[in-house]
Amino acid sequence: MSKFKSLEEAIKELVHDGDTIAMEGFTHLIPFAAANEIIRQGLSDLTLVRMTPDLIYDRLIGAGCASKLVFSWGGNPGVGSLNRFRDAVQNGWPKPLEIEEHTHAGLSNRYLAGATGLPFAVIRGYQGTDLISVTNNVAEITCPFTGERLTAVAALNPDVTIIHAQQADREGNICLWGITGIQKEAALAAKKVIVTVEEVVDAFAPRSNSTVIPSFVVSAIAIAPHGASPSYALDYYIRDNDAYIAWNAISKERESFEAWLVSEGLRK
Amino acid sequence: MSKFKSLEEAIKELVHDGDTIAMEGFTHLIPFAAANEIIRQGLSDLTLVRMTPDLIYDRLIGAGCASKLVFSWGGNPGVGSLNRFRDAVQNGWPKPLEIEEHTHAGLSNRYLAGATGLPFAVIRGYQGTDLISVTNNVAEITCPFTGERLTAVAALNPDVTIIHAQQADREGNICLWGITGIQKEAALAAKKVIVTVEEVVDAFAPRSNSTVIPSFVVSAIAIAPHGASPSYALDYYIRDNDAYIAWNAISKERESFEAWLVSEGLRK
Amino acid sequence: MMTVSAARTLKNGDSCFVGIGIPSTAAILAKATHAPDLVLIYESGTIDTNPTRLPLSIGDGELAQTALTVVSIPEIFNYWLQPGRIKIGFLGAAQVDKFGNINTTFIGGTYKNPTVRLPGAGGATEIAGACQDTTIICRQSTRTFLEKIDFITSVGYGSGPNSRKSYGLIGNGPTTVITDLGILEPDPDSCELTLTKIHQNVDVDAVIAATGWKLKISKDLEVTTPPTDQELLFLRKLNPPKKS
Amino acid sequence: MMTVSAARTLKNGDSCFVGIGIPSTAAILAKATHAPDLVLIYESGTIDTNPTRLPLSIGDGELAQTALTVVSIPEIFNYWLQPGRIKIGFLGAAQVDKFGNINTTFIGGTYKNPTVRLPGAGGATEIAGACQDTTIICRQSTRTFLEKIDFITSVGYGSGPNSRKSYGLIGNGPTTVITDLGILEPDPDSCELTLTKIHQNVDVDAVIAATGWKLKISKDLEVTTPPTDQELLFLRKLNPPKKS
């Protein structure tokens with residue numbers, strides 16, 4: 001009953017066609033290895049949730065794994081646009097992509113509501129924007145004490161959340177540090193949690209701003225060194241910025257993207 | 001314009017009769033030195049807010065500083081009752097004490113709402129209890145997505161929050177660790193924040209679970225070594241459990257309590 | 001015997017929300033004996049603690065220093081307790097009624113003018129609401145086990161089988177009540193607390209006499225197993241040295 | 001010049017919510033020159049960072065390693081931005097209207113069938129709502145400065161002076177708009193963006209021609225001070241080495 005599995009096994013056992021999956025990591029610790037495995041296994045009809053779709057979802061969308069995207073900022077950070085995302089939204093290629101679009105505060109609070117076992121969370125936001133009219137899962141709510149009108153966002157509870165962390169210990173507890181983003185909330189909101197890690201250690205060292213996720217809320221752990229590359233893992237490796245820049249050319253045309261899928265062994 | 005002041009100055013400048021003040025620290029880092037200074041300065045008509053009134057508010061209540069108490073658990077932890085609190089509630093001595101009573105989740109979420117700039121927070125709780133009928137600042141709220149009925153608690157924004165921390169750095173940033181309780185939320189909910197610290201250091205060492213509060217939200221810092229005693233400051237000193245036990249006898253009778261006030265130099 | 005019975009309700013691998021006193025002792029005992037992988041969680045924010053001595057308070061430094069991680073108070077309640085992640089919660093009580101509702105607020109008089117003012121809710125209300133199962137630990141007498149309690153601080157089964165759902169409480173409610181006389185469990189249909197186990201050398205009539213409502217007795221009433229030597233030895237070791 | 005103008009809007013001791021690109025460069029420049037105690041906060045959760053090079057992304061490791069503290073995403077938005085603790089926020093824009101409302105969602109076509117799909121809101125909507133003051137940085141042309149924008153992603157002054165209050169937005173709104181041609185500020189009564197400063201060697205008619213609405217010109221129009229040698233030197237040093 002060990003939670004340690006190969007990445008292939010973990011994805012095969014826990015992720016299914018049609019699932020809602022969240023893969024989080026805010027510019028840091030993005031679970032690229034797990035995403036590649038999802039493409040390799042040819043999963044389809046996924047609802048993909050992620051604040052910043054980034055290269056990782058550009059790949060999944062271009063590979064045809066997704067039917068819906070829930071997100072709050074869809075660019076190639078520091079570089080420009082996400083070409084496969086744009087091709088899907090603008091031209092429906094390789095298949096139509098339904099989108100549900102939020103602000104960062106809105107989507108992070110959808111996870112927060114999910115993690116706290118509530119059906120919604122309250123924020124001050126969205127009002128006056130055109131987002132309200134195009135986005136589901138946002139509603140007005142009135143303060144029962146002051147009468148003030150605020151915004152409610154519906155809880156998000158993914159079928160599976162996948163994150164990458166620097167370390168697991170031998171009991172299957174998880175430790176990540178540096179920019180820890182929305183990983184804890186995304187994990188705690190999910191029905192199942194897969195974590196890929198750089199390495200397994202005997203004990204976690206004291207570190208500022210580290211986040212520890214206890215084993216008892218984790219479904220499976222896969223050891224995946226460099227599993228966040230081309231993003232970075234603080235104290236392990238830096239961001240491969242050339243890969244981010246190169247992605248612009250790779251993803252620009254459908255043909256160059258498909259050639260890349262084959263060259264990476266993600267498609268035969 | 002330094003934020004470093006003597007404790008006497010900090011209390012004199014920032015705390016006034018009639019204020020709502022929160023002094024937090026969950027069994028750990030309880031700001032006893034600051035409370036003694038409030039008694040010494042003879043402040044009155046305070047609304048005291050604290051999850052666990054503990055010995056610290058038993059003293060302030062017995063000394064007649066408070067007209068109202070907002071709390072969620074009023075005992076002498078590990079020992080028994082709070083005698084001055086009971087005398088005020090049961091007999092109105094030394095003056096009547098209005099109480100507003102919550103659960104831990106309720107009161108901590110009142111702080112949370114205050115810290116996040118919202119007029120209320122939502123929890124799953126209170127329903128079915130008799131607390132609802134005796135406590136203000138609790139109301140039913142309906143989820144706009146599911147129709148589920150939940151509980152809203154009103155934001156709490158103290159005039160002043162006072163906490164004790166292990167360290168400040170020379171720029172006035174604050175670091176506390178170990179059990180960090182509700183201190184961050186209580187501080188961020190307040191209009192003004194006073195922090196007493198064990199010592200000033202050049203830089204904070206990396207530590208698991210440390211909480212750092214940036215200088216720009218702190219109003220005043222007073223160096224007060226042993227300022228949390230008889231509670232404890234992790235890595236500085238342990239809880240003086242004898243003092244907790246002794247408090248039961250000191251606080252038992254009005255006379256013994258008043259003699260204690262004089263003997264500690266808190267009253268002439 | 002209450003401590004040992006409480007410890008035995010904990011299974012290896014469970015997560016357990018622990019308070020100070022008997023619950024802490026029971027949880028540490030369980031972890032030292034049959035449930036080494038028990039995950040202890042305290043409302044002070046310490047998750048997966050491994051205390052080597054009895055904590056003086058719920059926020060003892062020992063708990064922080066031996067914990068896997070320590071989180072803030074809003075996090076422990078909002079992220080960990082409220083969503084129902086925790087398997088077992090322990091609760092004490094000043095008064096209990098036949099539906100396992102608990103009073104820890106006041107005894108006698110009125111709320112505004114109580115005869116005895118008690119500490120209040122603390123974390124108990126949410127533990128009672130959100131833990132998957134709760135275990136109540138309370139000495140049994142006609143002063144504590146009442147037909148009607150003075151104040152409902154924490155909800156058990158409310159006024160019967162449908163109450164918890166109508167209140168939006170996600171946990172199962174009090175599945176075990178451990179007293180100095182025996183163990184009560186809710187009737188599967190009516191949710192009324194029923195005597196299902198009795199401690200050695202205790203008379204059933206004594207239990208009935210110590211109960212403020214007409215106590216129902218399970219037809220499969222069992223006698224609890226007395227503490228083992230291992231359990232007693234460990235409890236003696238754990239008992240903190242008395243100061244003079 | 002946009003970078004230098006942006007840097008100059010920052011005062012020593014201010015707190016500033018920074019994005020990547022010109023805002024980051026401007027903030028680092030300000031901190032290195034006239035505002036050493038500027039507190040830089042990024043939406044990735046890094047508070048009081050002191051980067052020694054330009055970050056590659058908003059979540060660059062450099063920002064975490066030089067920060068006073070790093071917090072989670074929900075905390076940075078809910079605890080720090082939403083309550084209005086942050087003095088200045090920087091915003092970019094694909095389209096701006098005369099009330100400083102911003103579009104970063106799509107250009108042309110409809111929301112469901114856009115001609116050009118842009119990244120979307122990110123943190124901008126809340127920065128626009130909750131920072132005490134916001135500074136918009138955007139090149140000025142008739143493609144970007146429009147009478148009517150395709151989508152309101154982030155609210156400036158809405159449809160005029162009372163809009164922000166009715167939306168519950170607690171910040172003051174866009175107090176400065178910095179372009180490659182000059183600086184626009186809201187009229188104190190109408191909230192309409194008005195040209196108040198012009199960069200050296202730029203013609204007022206050129207600014208009017210680059211604006212999609214009938215641009216008002218302040219009667220106290222000033223010329224901005226050109227970058228100083230110190231500012232230029234620092235910017236050259238900061239420019240990251242190009243990779244071949």
Side-chain angles (χ1 to χ4, degrees), chain B residues 25-28 51-52 71-78 81-82 85-86 89-90 99 101-106 108-109 111-112 115 121 123-131 133-134 148-151 177-185 208-209 211 231-232 234-235 238-239 241-242 244-245, chain C residues 20-21 42-46 55-61 63-65 67 69-74 76-78 81-83 101 103-106 109 111-126 128-130 150-155 158 163-164 166-170 243:
Chain B
F26 197 84
T27 79
H28 176 217
M51 292 179 63
T52 55
F71 75 106
S72 46
W73 192 84
N76 180 345
S81 297
L82 294 175
F85 160 65
R86 280 172 70 154
V89 172
Q90 295 173 199
I99 63 172
E101 181 168 5
H102 291 275
T103 69
H104 278 348
S108 58
N109 278 282
Y111 283 125
L112 179 65
I123 63 171
R124 189 182 291 281
Y126 285 85
Q127 293 195 40
T129 73
D130 288 333
L131 275 169
S133 60
V134 299
E148 196 180 350
R149 290 175 309 153
L150 297 144
T151 299
W177 63 89
I179 289 168
T180 53
I182 190 74
Q183 281 96 313
K184 190 180 216 173
E185 289 76 14
S208 305
N209 316 122
T211 293
S231 80
Y232 73 105
L234 190 67
D235 297 330
I238 62 169
R239 165 163 146 148
N241 205 46
D242 291 343
Y244 274 76
I245 294 164
Chain C
I20 287 301
Y42 286 77
E43 68 187 22
S44 54
T46 55
L56 294 173
S57 84
I58 214 158
D60 196 306
L63 299 176
Q65 285 172 309
T69 186
V70 182
V71 301
S72 72
I73 298 272
I76 201 75
F77 284 105
N78 294 356
L81 182 57
Q82 180 168 268
N101 301 305
N103 176 16
T104 55
T105 301
F106 75 92
Y111 178 77
K112 294 232 170 196
N113 289 292
T115 308
V116 181
R117 172 67 224 197
L118 303 169
T125 306
E126 287 81 21
D150 289 332
F151 193 89
I152 298 180
T153 315
S154 303
V155 178
S163 291
R164 290 187 67 85
S166 76
Y167 298 143
L169 304 177
I170 61 174
K243 293 187 183 168

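Given the structure is predicted, the values throughout are model-derived calculations rather than measurements. Per chain, numbering begins at 1; letters A, B, ... match sequence-line order.
Looking at Glu185(B), its side chain never comes within 3.5 Å of a backbone N or O of Pro74(C) through a donor-acceptor pair. Judged by distance alone, with hydrogens and angles left aside, the side-chain atoms of Asn209(B) form no donor-acceptor pair with the main-chain N or O of Thr69(C) at under 3.5 Å. The main-chain N or O of Val134(B) is never found under 3.5 Å from a side-chain atom of Tyr111(C) such that the two would form a donor-acceptor pair. Listed for the Glu126(C) side chain is no donor-acceptor partner under 3.5 Å among the backbone atoms of Gly125(B).
Of all the listed residues (Leu63(C), Ile73(C), Thr115(C), Asp60(C)), the one sharing the greatest number of non-hydrogen pairs under 4.5 Å with chain B is Ile73(C). Contacts with chain C were tallied for Met51(B), Gln127(B), Gln183(B); Gln127(B) has the most, counting heavy-atom pairs under 4.5 Å. Residue with the most contacts toward chain C among Gly75(B), Ser208(B), Gly128(B), Ser108(B): Gly128(B) (heavy-atom pairs, distance under 4.5 Å). With chain B as the partner, the residue from Pro55(C), Gly45(C), Gly129(C), Pro114(C) showing the most heavy-atom pairs under 4.5 Å is Pro114(C). In terms of non-hydrogen atom pairs under 4.5 Å with chain B, the most contact-rich of Ser163(C), Ser154(C), Ser57(C), Gly109(C) is Ser57(C).
When heavy atoms are compared at a cutoff of 4.5 Å, Phe77(C) approaches chain B solely by way of its side chain, counted from C-beta outward. For a residue to count as touching a neighbouring chain, one of its non-hydrogen atoms must lie under 4.5 Å from one of that chain's; by this rule Phe71(B) touches chain C with the side chain only. Residue contact with chain C, scored on non-hydrogen atoms closer than 4.5 Å, involves the side chain of Phe85(B) exclusively. In this structure, the portion of Asp235(B) lying under 4.5 Å from any heavy atom of chain C is its side chain and not its backbone. With a threshold of 4.5 angstrom between heavy atoms, Ile123(B) approaches chain C through its backbone and through its side chain. Contacts of Thr103(B) with chain C are made by both backbone and side-chain atoms, with heavy-atom separations under 4.5 Å. Contacts of Leu234(B) with chain C are made by side-chain atoms alone, with heavy-atom separations under 4.5 Å and no backbone atom involved.
Between the CD atom in Glu101(B) and the OG1 atom in Thr153(C) there is a gap of 7.5 Å [rounded to 0.5 Å]. In this structure, OG1 on Thr129(B) lies 8.0 Å from CD1 on Ile152(C), to the nearest 0.5 angstrom.
Listed by chain and residue number, Glu148(B) satisfy the salt bridge (charged side-chain N to carboxylate O under 4.0 Å, His left out) test with Arg124(B) (two or more places apart in sequence, or in another chain). Thr211(B) meets the side-chain contact (heavy atoms from CB on, under 4.5 Å) test with Leu176(B), Thr180(B), Lys184(B), Ile213(B); sequence neighbours excluded.
Taking the side chain as every heavy atom from C-beta outward, Leu112(B) and Asn78(C) approach each other to under 4.5 Å. Within the 4.5 Å cutoff, the side chain of Arg117(C) has no heavy atoms near those of the Leu82(B) side chain. For the pair Thr125(C)/His102(B), no side-chain contact is recorded, criterion being any heavy-atom separation below 4.5 Å from C-beta on.
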Inset, instruction - Check the pair Phe151(C) / Leu131(B) against side-chain contact (heavy atoms from CB on, under 4.5 Å), numbers first and verdict last. - result: CA-CA 8 Å; Phe151(C) 193 89; Leu131(B) 275 169; 4.2 Å; yes
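Scanning all heavy atoms of the two residues, the minimum distance from Gly59(C) to Ile179(B) falls at O-CD1, 3.3 Å.
Side-chain N/O atoms of His104(B) and Glu43(C) include a donor and acceptor closer than 3.5 Å.
Atom CD1 of Ile238(B) has 12 or fewer heavy atoms from other residues, nucleotides or ligands within 6.0 Å.
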